[in-house]
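Residue numbering restarts at 1 for every chain, and letters A, B, ... go by the order of the sequence lines.
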There are 2 protein chains.
Amino acid sequence: MDEPRRLSQVEMRAWQGFLVASSLMSRRVEQQLKSDEGLSHPQYEVLVRLSATPDGELRMTELADAVLTSKSGLTYQITQLEKAGLVRRRDCPTDVRGTFAVLTEEGRRALHDAAPGHVSLVRELFIDALAPEQVALLADALETVGQRLRGDDPSPSGPPAR
Amino acid sequence: MDEPRRLSQVEMRAWQGFLVASSLMSRRVEQQLKSDEGLSHPQYEVLVRLSATPDGELRMTELADAVLTSKSGLTYQITQLEKAGLVRRRDCPTDVRGTFAVLTEEGRRALHDAAPGHVSLVRELFIDALAPEQVALLADALETVGQRLRGDDPSPSGPPAR
DNA sequence: ACATATCAATTCGAATTTGAACAATCAGGG
DNA sequence: CCCTGATTGTTCAAATTCGAATTGATATGT
């Protein structure tokens, strides 16, 4: 029916910029965390999420959702983190199927050690590259995009067509 | 020496938003291209880059740089695309070491077929989620970040410290 | 011409990711 | 109580990624 409109020049710049920034940023963060504390970015994210809860624990599925990975992907990462002693598994008392991932003391320390370098890098490459107003605008824009991507969106594609 | 400043609330929102948008967007695009035309996103990017040249060909290293992947990663993808008949390799006449990746007619058609759906998706999830001014601001901000990430940057981290 | 450093592309192994299939369990309605 | 359908986490195979090492070839300086 409708031929999709090509992207305008600005639109193209925005999209390309997004792809480039995503790609390069991701690699930089990955390298830094790895050489700094031996963590992958996904693993770092897991530790962050766990440490943000009162008990330092979260159900596998919740955690998978939080860090935007597949369930099988999380299973793998938790296994890795368990080997490293940064996280342990705990059976859920009320649901035999369930499993908690629990942050260990060592995990807390690893996160504590890794965080400063990580934050510095994010600052250096991302935040400090921009003027404060730009940061604010980015925050708004990217959150809006995120909402649409998540589906919690007031108007996924305009008012219902018919 | 210097304790890195924690991220402020906006800074956090911007960074988190960036991570979330990157992650979700990437998966959506991947799925769409795959189910639509059987291409991965990296493969699509390769085709785009090749089609943008006059002769539809590019040296392996140049192409790797253009699509922001490692040389070995590109070798792999070109092999895949060659199997699919969308690209072929051509030895460089002036440098025995060199190889060109050349877009085939079939490759051109595949790109032509895949492009509309891809553009629609990008529009739907990214561009159309935002007001035109937001798109323009995003373009500027992300390009700035990209420059810093690439290293072509007027002030990587302030004036030389000593 | 020659030694040395750089470069192009590939190969290799290790790590990681995803979706599908699976096994076990839970929840709700009749 | 029991049946059906959803949920939980894991396992598995396939695909992909990266970096280090490799093989040749090219460029540079003397």
Is A:Glu11 salt-bridged to B:Arg123, going by a charged N under 4.0 Å from an acidic O?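 Yes, this pair counts.
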Salt-bridge contact A:Arg13-B:Asp140 (side-chain N to carboxylate O under 4.0 Å): yes
Are [X] and [Y] in one and the same hydrophobic cluster, where Ile, Leu, Val, Met, Phe, Trp and Tyr link if side-chain heavy atoms are under 4.5 Å apart?
X: B:Val145; Y: B:Val10; answer: no
X: A:Leu142; Y: B:Leu7; answer: yes
X: B:Val67; Y: B:Phe100; answer: no

Residue closer to the 5' end of DNA chain C, A:Thr94 versus A:Ser70 (nearest nucleotide):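 Result: A:Ser70.
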Base, sugar-phosphate alone, or nothing: which one does [X] contact when heavy atoms must sit under 4.0 Å apart?
X: A:Thr99; value: sugar-phosphate
X: B:Thr61; value: sugar-phosphate
X: A:Gly73; value: base

Would you work out how much the helix from C:dA1-D:dT30 to C:dG30-D:dC1 bends between its ends, with each end axis defined by five base pairs, to 10 degrees?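 End axes: 30° apart.
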In whole angstrom, give the distance that lies between atom [atom1] of [X] and atom [atom2] of [N].
X: A:Phe100; N: D:dT10; atom1: CZ; atom2: P; value: 13 Å
X: A:Met60; N: D:dT8; atom1: CE; atom2: C1'; value: 10 Å
X: A:Lys71; N: D:dT11; atom1: NZ; atom2: C1'; value: 12 Å
X: B:Gln77; N: D:dA15; atom1: CD; atom2: C1'; value: 9 Å
X: B:Tyr76; N: D:dT16; atom1: OH; atom2: C1'; value: 5 Å

Name the orientation class of the two ring planes belonging to A:Phe18 and B:Phe18 (parallel below 30°, tilted from 30 to 60°, perpendicular beyond 60°).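 Rings of A:Phe18 and B:Phe18: perpendicular, as their planes differ by over 60°.
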Does the D:dT26 base have a donor-acceptor partner in the side chain of B:Arg97 within less than 3.5 Å? no
Hey, mind stepping through A:Val87 and A:Leu50 against side-chain contact (heavy atoms from CB on, under 4.5 Å) and telling me if it holds? CA-CA 9 Å; A:Val87 160; A:Leu50 290 180; 3.8 Å; yes
Of the residues in residues 21-57 of chain A, which ones touch DNA chain C at a heavy-atom distance under 4.0 Å?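 Here the set is A:Lys34, A:Pro42.
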Tell me, which of residues 82-93 of chain B have any heavy atom that sits under 4.0 Å from an atom in DNA chain C?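 Residues of residues 82-93 of chain B that come under 4.0 Å of DNA chain C are, in numerical order, B:Arg89.
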How long is the straight-line distance from CD of B:Glu30 back to CE of B:Met25, given to the nearest 0.5 Å?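 Here the interatomic distance stands at 12.0 Å.
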Can you check whether [Y]'s main-chain N or O pairs, donor with acceptor, with [X]'s side chain at less than 3.5 Å?
X: A:Thr69; Y: A:Gly73; value: no
X: B:Asp95; Y: B:Arg97; value: yes
X: B:Ser120; Y: B:Pro116; value: yes

For A:Thr79 and for B:Leu74, find the nucleotide of DNA chain D with the closest heavy atom, then tell me which residue's nucleotide is more 5'.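 Residue closer to the 5' terminus by nearest nucleotide: A:Thr79.
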What are the 5'-most and 3'-most nucleotides of DNA chain C lying under 4.0 Å from any heavy atom of chain A?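 The footprint of chain A covers C:dA15 to C:dC26.
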Is there any salt bridge (charged side-chain N to carboxylate O under 4.0 Å, His left out) pair reaching into residues 65-84 of chain B, and which pairs are they, with sequence neighbours excluded?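 Only B:Glu82-B:Arg89 qualify under salt bridge (charged side-chain N to carboxylate O under 4.0 Å, His left out).
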Please enumerate all residues that pass side-chain hydrogen bond (donor to acceptor under 3.5 Å, both in side chains) together with A:Ser26, with sequence neighbours excluded.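 Residues passing side-chain hydrogen bond (donor to acceptor under 3.5 Å, both in side chains) with A:Ser26: none at all.
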Around atom CZ of B:Arg109, are there more than 12 heavy atoms from other residues, nucleotides or ligands closer than 6.0 Å?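 Counting neighbours around CZ of B:Arg109, more than 12 heavy atoms of other residues, nucleotides or ligands fall under 6.0 Å, so yes.
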